[in-house]
Amino acid sequence: MNEPIETDDSGVENHSVPVITHEKQKVVYFSRRLKNVSALSLLFISGAITVLITLGIFIFVFKETTPLILHAEQRNDMSLYHNTEENDEFERTASIFLVLDNIFGQSRWQPVDDAPLFSIWPLAVGTLKITTVALVEATVVGFFSAIAIAFYLPRQLRYTTKVVFELLAGMPTVVLGFLGLMVFATYFQSIFGTTYRLNAFVCGSVLSLTAIPIITTLFEEIYAGFPKDQIYSAKCSGLYDYQIITYLILPATWGKVFAAVLLGFGRCFGETMVVLMVSGNAAVLDLSLVSGARTMAATIGSEMAEVVVGDTHYSMLFLLGTLLIVATYLINFFSQLLIRKWTYD
Amino acid sequence: MIDKRIIIERLFSLVTSFFAMCVVVLTTFIIGLVLINGLDKLTWDFLTLPPTGTMDGGGILPIIEGTVMLVLLMSLISVPFGTAIALYLNEVSSKGAVYNYTMSSVRTLAAVPSIVYGLFGLAFFVNIMGGGLDFLFGYEERVFRERCLLWAAMTMGVLTLPINIIAVTEALKMVPQEQRHAGLCFGYTSWEVIKWIVFPQAKGGILTGLVLSVSRGAGEVAPILFVGVAYFIPNFSGELLDQFMYLGYHLYVLATQSPNVDETLPIQYSTTLVLLMLTFGFNSVGQYMRWKNRKKLQR
C-alpha cells in the first residue's frame, strides 16, 4: 500500500509500442462501436424470431383452415345437403352455418366419403378419455414418486431413481408405442380379459409413462424452491414428514401443483405416436374406457399423409391442429399465471 | 400404545417408495426387453445393408443414413439460433416487457405438441417457403415445394430450438456477474464482453444443448410424418430435396403397416435397440455434461 507504484522509465520497451494517433484511435473506436451495435441487433433479431415463430405457428396453421369458411367449394363439400338433387339452390349458397352444423351438429368422423362427415365430437371424446386416464395415472405416480425422491428414499437409491426418471423422459415415444402395442396390450388383455386388445385404457397407461417424468420433475422443482428453513423448523417441532407435506408444503403450493398437472395435461393430449399405435384408432363416439378411441393429434398424424393439399379434409385437419395450438397456448398461459401468482419473493 | 402418526408415516413412506420403484422397475423392464429381444438380430450386416422389398429382411443402412443426415442438418439450424436467442435473453435484453414476452414464447414453444410442428412445417416451410423459392427461381413444376429432407430438418430445428435455448441459458447463468462488470470497466463494449468473457465459458452449455437436441430429434417422429419422411427408399441419395427414411418412422411402419408383423418382430426389436442406443447414448452424455457443469457451479 505504502510502496510507490513502479514505473517503467527505462524507455526501451516504450519505443516498441506503436504511436497511436488521435485519428487512428477514432477509427478503431468507431469500428468497435459499429461491431457492437450490429452484433447486438443481430442477437435482437434472433430473439424476435422466437416470438415470430410462436405467433407464426398459429398464423400459418390457422391460415390453412380459412378455406373452410372462405371458399364456396369447401363449404359445399362440408354441407350435408351436398348430394341431394332437390337442394341445388342450397348448394350454391351453402352458408357457414352448414359448415358449423357438420363440425358440431353431427356425431361421426367419416372423412373419406361422398358426403364426408367431420364431426369433432368422437375425436374430442377420445382425446378426453385417453388424456384423463393418462393424466390421473401420471399425476398419482408422479406426485408420489416426487415425494419419495424428496423425503423417503435412501440417498443412493434416490440418485439412481432420478437418473432412471431422466432416462424415461428421454425415451422416444415411438418406442413406448411399439412396446405398448406388442407387449403391454397383450398383458393387459390377458389380465383383465377385455374385448378389444387396443383400447383407451391401455393407451392412457402407456401415455402416462411419457408424462410421469415431466410431472415428477415439476414437483421436485416445487420442493426445491420451497424455503428450506421452514422445512427444518417444522422438523425441529417434531412433525413427521407426511405432516410437513400435507400441512406445510401443499397448502403453500397448491397453485404450482395445479400448474404442473396442467403442463402434464398439455404433454398428454398432444402426444401422437403412442396414441397412433396403441389406441386402436377407432373414431367412434363411445364413453367406455375399454373400447377403441382416437385423439385429435393422432387423427392429424394418420390422415395428413394421404390427403390432397388444399382439400376440404386437409383444411379440416388443420382446424384440429389449430384447436391443439389454442389449447396449448391457453394451458401455458394459465400455468404461467398460476406459477407467478403462487411465487412469493 | 403406538402413536397413530408413526403408522401413517410408515404407510406414506411405503406407498410413495412403491410408486417410485414401480417406475424404476418398469423402465428397467422396457430396456431389458428391448436388449434381450434385439441383440441377436443386431449384426454388422443389419447395420450395413439396405432393407429388402417387403421389409422382412435386410438391414437398415439407408434409415441410419437418413436419420444422421436429418439430425446434422437440424443441429446446423437449431444450435446457432438457439445460442443467439439465449445470448439475447440473458446478455442483451433489459429485463422488461420484451424479455418477459420472449421468455414466455420460449416456454410456449417447448410445450407445443410435436404434431403441430409438423403442420407448421407443411404450411410454412413446404407451402410458403418452398412455393416462394419456386416462384423466385421461376420453376414451372414443383422443385422446392415438395416434402423433403430440407424442410423436415428445418421443422425439426424449430422443434429443438427451446432445448438449445434452455441449455445455453443454464450455462450463461453460471458466468459470474463480476466478470462482466470487470470487462465493462476495462472499456469493452457489450459485444466484446459477450465474445471474450461470456461465450468461452458458455461453450459447454452449447455442446450440452447440441447433444440433448440430437437425442430429442432422433426420437421424434410426429413432426416429420408428413414433411418428407418416406415409407420405403432402398438407396438414400443424400440430396436435400429428396425424401428419406427415418429410424422412428421405420419402426412405426414395421409395427403397424408391414404385411407380416409377427415375422418382422425381431427386426422391429433390433430397430428399437438401435434407436434407443442413439437417443439414450446422446441423452446420457448430455445429462452427464449438464451435471458436471452444475457441479462446477457449486464449487
Side-chain angles (χ1 to χ4, degrees), chain A residues 32-33 35-36 39-40 42-44 46-47 49-51 53-54 56-57 60-61 63-64 141 144-145 147-149 152-153 161 164-168 170 172 174-175 178-179 181-183 212 240-243 263 266 270-273 277 297 300-301 304-305 318 321 324-325 328-329 332 336, chain B residues 5 8-9 12-13 15-17 19-20 22-24 26-27 30 33 81 84-85 87-89 92-93 101-102 104-109 111-116 119-120 123-124 128 158 189-192 215 219-222 225-226 248 251-252 255-256 265 268 272 275-276 279-280 283 287:
Chain A
R32 276 175 63 197
R33 277 190 59 180
K35 247 189 209 168
N36 184 31
L40 292 194
L42 268 180
L43 290 182
F44 173 74
S46 52
I49 282 176
T50 346
V51 182
I53 289 173
T54 320
I57 284 179
F60 289 114
V61 173
K63 195 184 132 286
E64 304 283 323
V141 177
F144 282 149
S145 308
I147 290 175
I149 290 173
Y152 293 121
L153 288 180
T161 317
V164 170
F165 270 80
E166 259 159 24
L167 274 183
L168 188 60
V174 67
V175 171
F178 165 67
L179 289 173
L181 175 67
M182 296 296 170
V183 184
I212 284 172
Y240 285 96
D241 283 347
Y242 85 92
Q243 288 172 316
L263 287 174
E271 184 49 55
T272 313
M273 295 319 288
M277 295 168 92
I300 300 171
M304 185 53 99
F318 268 95
L324 283 183
I325 296 174
T328 314
Y329 284 10
N332 238 50
Q336 284 182 31
Chain B
R5 291 175 300 177
I8 299 180
E9 171 78 1
F12 217 69
S13 128
V15 169
T16 53
S17 308
F19 276 113
C22 266
V23 178
V24 173
L26 205 61
T27 314
I30 288 173
L33 199 69
F81 265 113
I85 292 166
L87 281 176
Y88 170 73
L89 279 175
V92 184
S93 71
Y101 200 68
T102 320
S104 69
S105 344
V106 171
R107 283 199 207 101
T108 313
L109 274 186
V112 168
S114 49
I115 189 90
V116 168
L119 290 178
F120 175 64
F124 181 67
I128 291 180
V158 176
T189 58
S190 313
W191 168 242
E192 283 163 349
S215 156
E220 282 286 353
V221 186
L225 271 177
F226 35 82
L251 176 61
Y252 165 66
T256 57
L265 204 57
Q268 293 171 29
T272 314
L275 179 60
L276 273 191
T279 53
F280 272 16
N283 197 19
Q287 299 290 358

Quiz item: So A:Asn36 and B:Glu192, side-chain contact (heavy atoms from CB on, under 4.5 Å) or not? Walk me through it.
Solution: CA-CA 7 Å; A:Asn36 184 31; B:Glu192 283 163 349; over 6 Å; no
Exercise. Begin from the C-alpha positions of B:Leu119 and A:Met304 and carry the test side-chain contact (heavy atoms from CB on, under 4.5 Å) through to its verdict.
Key: CA-CA 9 Å; B:Leu119 290 178; A:Met304 185 53 99; 3.4 Å; yes
Practice problem: Go through A:Tyr242 and B:Arg5 one step at a time and tell me if the side-chain contact (heavy atoms from CB on, under 4.5 Å) criterion holds. | Solution: CA-CA 9 Å; A:Tyr242 85 92; B:Arg5 291 175 300 177; 3.4 Å; yes
Exercise. List the steps and the verdict of side-chain contact (heavy atoms from CB on, under 4.5 Å) for B:Val116 and A:Thr328.
Key: CA-CA 10 Å; B:Val116 168; A:Thr328 314; 5.8 Å; no
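Note on ring orientation: taking the six-membered ring where Trp is involved, the planes of A:Phe144 and B:Phe12 are perpendicular (angle over 60°, cut-offs 30° and 60°). Under the 30°/60° scheme for interplanar angles, the aromatic rings of A:Phe44 and B:Tyr88 are found to stand perpendicular.
Interface remark: of the candidates B:Leu87, B:Leu109, B:Thr256, B:Leu109 forms the most heavy-atom pairs closer than 4.5 Å to chain A. The candidate with the highest count of non-hydrogen atom pairs below 4.5 Å against chain B, out of A:Glu271, A:Glu64, A:Arg33, A:Lys35, is A:Glu64. When A:Gln243, A:Arg32, A:Met277 are compared by the number of non-hydrogen pairs under 4.5 Å with chain B, A:Arg32 comes out ahead. When each of B:Thr102, B:Leu89, B:Val112, B:Val92 is checked for heavy-atom pairs under 4.5 Å with chain A, B:Thr102 comes out on top. Contact tally against chain B (heavy-atom pairs below 4.5 Å) for A:Ile325, A:Val61, A:Ile57: the top residue is A:Ile57. Chain B forms the most heavy-atom pairs under 4.5 Å with one residue out of A:Ile49, A:Val141, A:Leu324, and that residue is A:Val141. The residue among B:Ser114, B:Ala111, B:Gly219, B:Ser105 with the most heavy atom pairs within less than 4.5 Å of chain A is B:Ser105. Of all the listed residues (A:Gly56, A:Gly270, A:Ala148), the one sharing the greatest number of non-hydrogen pairs under 4.5 Å with chain B is A:Ala148. Chosen from A:Leu181, A:Val175, A:Ile147, the residue pairing most often with chain B at heavy-atom distances under 4.5 Å is A:Val175. The residue among B:Leu251, B:Val15, B:Leu225 with the most heavy atom pairs within less than 4.5 Å of chain A is B:Leu251.
For the atom pair OH of A:Tyr240 and CD1 of B:Ile8, the computed distance is 10.5 Å after rounding to the nearest 0.5 Å. Here B:Arg107 contributes atom CZ and A:Thr54 contributes atom OG1; the two are 12.0 Å apart, rounded to the nearest 0.5 Å. Distance check, rounded to the nearest 0.5 Å: CD1 of B:Ile30 to CG of A:Leu179 gives 6.0 Å. Note that CZ of B:Phe280 and CG of A:Leu167 are 5.0 Å apart. Values are rounded to the nearest 0.5 Å. A:Asp241 CG to B:Thr16 OG1: the interatomic distance, rounded to the nearest 0.5 Å, is 9.5 Å.
Interface remark: B:Glu9 contributes backbone and side-chain atoms alike to the contact with chain A (heavy atom separation under 4.5 Å). If you measure heavy-atom distances from B:Ser93 to chain A, you find no contacts under 4.5 Å at all. If you measure heavy-atom distances from B:Thr279 to chain A, the contacts under 4.5 Å come from the side chain alone. Contacts of B:Leu276 with chain A are made by side-chain atoms alone, with heavy-atom separations under 4.5 Å and no backbone atom involved. At a 4.5 Å heavy-atom cutoff, the contact between A:Glu166 and chain B is made by backbone and side-chain atoms alike.
The two residues B:Ser17 and A:Tyr152 make their nearest non-hydrogen contact at OG-CB, 4.0 Å. The nearest pair of heavy atoms linking A:Gln336 to B:Ser104 is OE1-CB, 3.3 Å. Between A:Met182 and B:Leu265, the shortest heavy-atom contact is SD-CD1, 3.6 Å. Scanning both residues, A:Leu153 and B:Ala20, for their nearest heavy atoms gives CD1-CB, 4.4 Å. Between B:Val23 and A:Ser145, the closest heavy-atom pair is CG2-OG, 4.3 Å.
In the displayed structure, B:Phe81 atom CZ is contacted under 6.0 Å by at most 12 heavy atoms of other residues, nucleotides or ligands.
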